[in-house]
Protein chains: 2
Amino acid sequence: MTRKNNILLAATHLLAVKGFKETSMAELAKVAEVAQGTIFYHYKTKEDLFLAILKSFQEDIVAEFSRYRQAQQSACGLDMVAGVIDFYLHMASQMEERFMLLHRHDAHELARSNAEFHACLEAIYDCLIDIFEQAILAGQKDGSIGECSPRRMAMIVFTMVDGLVRFHTYNLYDVGGLYEDVVRVCEAMLKNNIQ
Amino acid sequence: MTRKNNILLAATHLLAVKGFKETSMAELAKVAEVAQGTIFYHYKTKEDLFLAILKSFQEDIVAEFSRYRQAQQSACGLDMVAGVIDFYLHMASQMEERFMLLHRHDAHELARSNAEFHACLEAIYDCLIDIFEQAILAGQKDGSIGECSPRRMAMIVFTMVDGLVRFHTYNLYDVGGLYEDVVRVCEAMLKNNIQ
DNA sequence: AAAAATTGATTGAGTAGTCAGTATAAAAGG
DNA sequence: CCTTTTATACTGACTACTCAATCAATTTTT
């Protein structure tokens, strides 16, 4: 049991940091401190192993985000959006490597030919966008957020926040000070009626 | 000359669609309709070839965007921002494959160990963000855009628009209707004083 | 005839996945 | 309590194959 878990942990790290094709089973075996054969005993193929990682990520992320949704009870919907952004960024740094997995093309490419990958990715993204949508809907109910398509706005906010995480991963610009700006910008664009 | 260009074109396509590691020189030779040796006659290594592609992209994108900057003379800065978003999305669909190249981790990973890659990527991103910044600065001058850090706002707008392009590439959601929303959202967040 | 461009067979390192066999430990039988 | 059986976990050498890069030989251009 320890070994199977070692493999999963080491593989998550390597696939996130180096990518699917760039990670060899020989290297993984070394990092996980098992024999190469052991990996294939637990996971039929390299793709299978990747899928197992993604599935465990899906479970964890869905659990984590639904736990947050139930725990929080902010004053108004607009503040909830700010809270969700904060929580998203917190999660992204907590699960940094697994979020990197989402930002690579590997999973998305496999999703094109493998239905299980596709379903898994869809579930993850739905969960991520849902949490923004819920906050916006709450804001529309209490009047703190203007008339708009909640789903579309949720996708736009998600796009912004996720882009920030990506920027940070790529390390091209110092993104530290942008977090607060993004929160303010989102509030500005939501509290006013947009068309 | 024809062959060298064939190689560059075919390589751009393959690297964008399949990725660096996933593209073999044998396959490239077949697509470019040259012998494998010919590729290595013109480009010392696979990495060299990639760098040549990125450099040519840099030149083209810088030229294209500075041409646009000089050509346009919109009414006010706020409208200019909308115009720039439009232009960016237009460019991204015109140069779809090369933008895909930017979104892959390949170039960013090479940039970590190879200074030329780093410089090239930095130049490209600077150019992309600059054009948004210019529009925001113009808007602040003519009063159509409120007080804010132009660079930071430019990065946020860029993050949104680029995220949209990425969404489209990954094909997870129908992103068609979002274009107009993003333009409206950007206007809403810029025309009001934030902070 | 000298220089530049092109070729494809070849090389050696690296790849995912297999497999015959070994270790471990729990259950069954004496 | 001590064997024997059975199932599961594990091992690393091995296979068949792919890869980037090389190079001697050939063709094309100047």
Side-chain angles (χ1 to χ4, degrees), chain A residues 1-56 101 104-114 116-117, chain B residues 1-56 101 104-114 116-117:
Chain A
M1 207 51 148
T2 308
R3 280 172 221 252
K4 193 175 176 183
N5 218 258
N6 265 6
I7 292 167
L8 210 82
L9 285 176
T12 302
H13 173 72
L14 288 173
L15 289 184
V17 172
K18 306 188 67 182
F20 185 74
K21 200 73 185 280
E22 290 78 5
T23 298
S24 78
M25 300 307 254
E27 189 184 5
L28 172 57
K30 213 174 266 178
V31 174
E33 293 177 301
V34 298
Q36 283 199 52
T38 309
I39 302 172
F40 289 98
Y41 173 75
H42 291 292
Y43 304 97
K44 234 179 56 172
T45 64
K46 195 181 180 183
E47 205 173 305
D48 252 42
L49 170 59
F50 192 11
L51 186 59
I53 291 170
L54 217 63
K55 274 187 176 165
S56 115
L101 232 46
R104 290 193 166 275
H105 280 220
D106 301 328
H108 298 273
E109 247 134 52
L110 284 166
R112 238 177 277 173
S113 57
N114 184 320
E116 281 196 285
F117 268 93
Chain B
M1 206 51 148
T2 307
R3 279 176 220 251
K4 193 175 175 183
N5 218 257
N6 265 7
I7 292 167
L8 210 81
L9 285 176
T12 303
H13 173 73
L14 288 173
L15 290 184
V17 171
K18 305 187 65 181
F20 185 72
K21 201 72 187 281
E22 290 78 6
T23 299
S24 77
M25 300 307 256
E27 187 184 6
L28 171 57
K30 212 174 267 178
V31 173
E33 293 178 302
V34 298
Q36 285 196 50
T38 309
I39 302 173
F40 289 96
Y41 174 75
H42 291 292
Y43 303 97
K44 235 179 54 173
T45 64
K46 194 182 181 182
E47 206 173 304
D48 251 42
L49 170 58
F50 191 11
L51 186 59
I53 291 170
L54 218 63
K55 274 186 176 165
S56 115
L101 231 47
R104 289 194 167 273
H105 281 222
D106 301 329
H108 297 274
E109 248 134 51
L110 284 166
R112 239 177 278 173
S113 57
N114 185 320
E116 281 195 285
F117 267 94

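Fair warning: this is a prediction, and the values are worked out from it, not measured in the lab. First the proteins, then the strands, lettered A, B, ... as listed; each starts at 1.
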Please determine whether a side-chain nitrogen or oxygen atom of [X] lies at a distance below 4.0 Å from atom OP1 or OP2 of [N].
X: Arg3(B); N: dA5(C); answer: no
X: His42(B); N: dT6(C); answer: yes
X: Tyr41(A); N: dC10(D); answer: no

Determine, for Tyr43(A) and Lys4(A), whether the Lys NZ or Arg CZ falls below 6.0 Å from the six-membered ring centre while staying within 45 degrees of the axis.
yes
Starting at [atom1] of [X], measure out to [atom2] of [Y] and round the result to the nearest 0.5 Å.
X: His105(B); Y: Lys18(A); atom1: NE2; atom2: NZ; answer: 15.0 Å
X: Leu110(A); Y: Leu51(A); atom1: CG; atom2: CG; answer: 9.0 Å
X: Leu14(B); Y: Glu22(B); atom1: CG; atom2: CD; answer: 11.5 Å
X: Ile53(A); Y: Leu49(A); atom1: CD1; atom2: CG; answer: 4.5 Å

Value in whole Å for how far the [atom2] atom of [N] lies from [atom1] of [X]:
X: Leu28(A); N: dG14(C); atom1: CG; atom2: C1'; value: 16 Å
X: Ile7(B); N: dA21(D); atom1: CD1; atom2: P; value: 14 Å
X: Ile39(B); N: dA9(C); atom1: CD1; atom2: P; value: 15 Å
X: Leu15(A); N: dA16(C); atom1: CG; atom2: C1'; value: 14 Å
X: Lys30(A); N: dT11(D); atom1: NZ; atom2: C1'; value: 16 Å

Passes side chain to side chain contact (heavy atoms under 4.5 Å, CB included), Phe40(A) versus Met25(A)? Steps please.
CA-CA 9 Å; Phe40(A) 289 98; Met25(A) 300 307 254; 3.7 Å; yes
Interface polar pairs with nucleotides 18-20 of chain D, N/O, under 3.5 angstrom:
residue : atom : partner  : partner atom : Å
dA20(D) : OP1  : Thr23(B) : O            : 3.1
dA20(D) : OP1  : Lys46(B) : NZ           : 2.6
dA20(D) : OP2  : Met25(B) : N            : 2.7

